[in-house]
Amino acid sequence: QPEFVESGGGLVQSGGSLRLSCTASGFALGDSAIGWFRQAPGKEYEGVSCITASDDDGNTYYIDSVEDRFTISRDNVKNTVYLQMNSLEPDDTGVYYCAADLQGVCEKGPRTYTYWGQGTQVTVSP
């Protein structure tokens with residue numbers, strides 16, 4: 001069964017950095033659009049960033065609140081996608097999930113994504 005395993009969360013002070021990683025097995029990461037979502041307690045899933053399939057030029061997208069602070073990238077040899085998070089703020093706190101859309105198209109909502117990571121907690125203290 002295809003799997004998507006993520007890591008890299010933790011506790012960090014405001015202004016600090018974390019790098020989240022998701023490694024795929026059983027499917028080709030480069031053929032998929034990869035989204036990062038987060039969920040704060042009592043809140044809905046929020047799309048944070050996405051990168052399209054490699055044959056769709058690997059375009060990247062960010063919500064306004066994280067643009068210029070977060071960077072999404074992939075390594076197709078390692079079958080791994082990353083989310084580099086800099087200048088973290090308390091409002092960034094939540095459980096972060098990676099997700100793969102096998103059509104290779106980025107969507108803002110979670111509906112079209114097939115494979116999901118297990119989630120990793122990111123906590124940013126003041």
Side-chain angles (χ1 to χ4, degrees):
Q1 185 72 24
E3 292 184 336
F4 216 5
V5 179
E6 65 181 283
S7 62
L11 174 65
V12 66
Q13 291 184 332
S14 294
S17 298
L18 290 171
R19 188 180 71 162
L20 308 183
S21 301
C22 276
T23 298
S25 61
F27 68 98
L29 194 64
D31 294 337
S32 304
I34 308 299
W36 285 96
F37 295 82
R38 67 188 179 191
Q39 187 178 39
K43 303 292 185 179
E44 297 180 355
Y45 282 89
E46 179 184 36
V48 175
S49 184
C50 189
I51 184 168
T52 63
S54 294
D55 62 1
D56 197 25
D57 296 330
N59 296 322
T60 59
Y61 302 90
Y62 304 91
I63 57 172
D64 290 344
S65 61
V66 309
E67 194 162 12
D68 300 325
R69 299 189 297 118
F70 291 9
T71 303
I72 188 171
S73 62
R74 65 153 60 90
D75 184 333
N76 290 337
V77 175
K78 296 182 178 179
N79 227 23
T80 298
V81 65
Y82 305 95
L83 185 67
Q84 178 68 46
M85 305 185 295
N86 298 326
S87 301
L88 283 163
E89 306 167 355
D91 285 347
D92 295 318
T93 294
V95 179
Y96 283 68
Y97 301 88
C98 54
D101 183 321
L102 302 186
Q103 302 302 311
V105 178
C106 288
E107 300 285 351
K108 293 182 179 179
R111 184 181 300 109
T112 66
Y113 294 85
T114 300
Y115 301 123
W116 289 78
Q118 80 278 10
T120 185
Q121 177 71 45
V122 172
T123 303
V124 185
S125 62

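The structure displayed is predicted, hence computed values, not measured ones. Atoms considered below: every heavy atom in the structure, side chains included; atoms not considered: hydrogens, waters and symmetry mates.
- Within a 6.0 Å radius of CD in Gln103, other residues, nucleotides and ligands contribute 12 heavy atoms or fewer.
- A 4.5 Å side-chain heavy-atom check between Trp36 and Phe70 finds every atom pair outside the cut-off.
- Judged by distance alone, the side chains of Ser65 and Asp91 never bring a donor and an acceptor atom under 3.5 Å apart.
- Considering CG of Asn79 and SG of Cys22, their distance stands at 11.5 Å, rounded to 0.5 Å.
- In this structure, OG1 in Thr120 is found 11.0 Å from CG in Leu83, a value given to the nearest 0.5 Å.
- A single hydrophobic cluster is not seen to contain both Leu11 and Tyr96; linkage of ILVMFWY side chains at heavy-atom distances under 4.5 Å, directly or through other members, places them apart.
- Here the straight-line distance linking atom CG of Leu20 with atom CD of Gln84 works out to 9.0 Å at 0.5 Å rounding.
- The aromatic rings of Tyr97 and Trp116 sit perpendicular, their planes meeting at an angle over 60°, well past the 30° parallel limit.
- Nearest heavy atoms, Gly58 versus Arg74: CA-NH1, 4.3 Å.
- Nearest heavy atom pair, residue Val122 against residue Met85, reads CG2-CE, 3.9 Å.
- A continuous path of hydrophobic side-chain contacts links Leu88 to Tyr62 [ILVMFWY only; heavy atoms under 4.5 Å].
- Nearest heavy-atom pair, Phe37 versus Lys108, reported as atom, atom and distance to 0.1 Å: CE2-O, 3.4 Å.
- At a threshold of 4.5 Å between non-hydrogen side-chain atoms, the residues Thr112 and Val105 do not count as touching.
- With hydrogens and angles ignored, the 3.5 Å screen pairs no side-chain donor or acceptor of Gln118 with any backbone N or O of Val5.
- Val81 and Ser73 get closest at one heavy-atom pair: CG2-O, 3.0 Å.
- Put simply, the side chain of Ile34 reaches to within 4.5 Å of the side chain of Phe4, judged on heavy atoms.
- When side chains are defined from C-beta on, Tyr115 counts as touching Leu102, because their heavy atoms get closer than 4.5 Å.
- Enclosure of atom CD in Glu3 is not indicated, since only 12 or fewer non-hydrogen atoms of other residues, nucleotides or ligands lie within 6.0 angstrom.
- Panel note: side chain Glu6, backbone Gly119; a donor-acceptor pair is recorded below 3.5 Å.
- The shortest heavy-atom contact between Ser17 and Asn86 is OG-OD1, 2.9 Å.
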Return a table of donor-acceptor pairs under 3.5 angstrom between the side chains of residues 23-33 and protein atoms on other chains or two or more places apart.
unit_1, atom_1, unit_2, atom_2, d
Thr23, OG1, Thr80, OG1, 3.0

Please list every donor-acceptor pair under 3.5 Å in which a side-chain atom of residues 41-51 meets a protein atom from a residue at least two apart or in another chain.
unit_1, atom_1, unit_2, atom_2, d
Glu46, OE1, Arg38, NE, 2.9
Glu46, OE1, Arg38, NH2, 3.3
Ser49, OG, Tyr61, O, 2.9

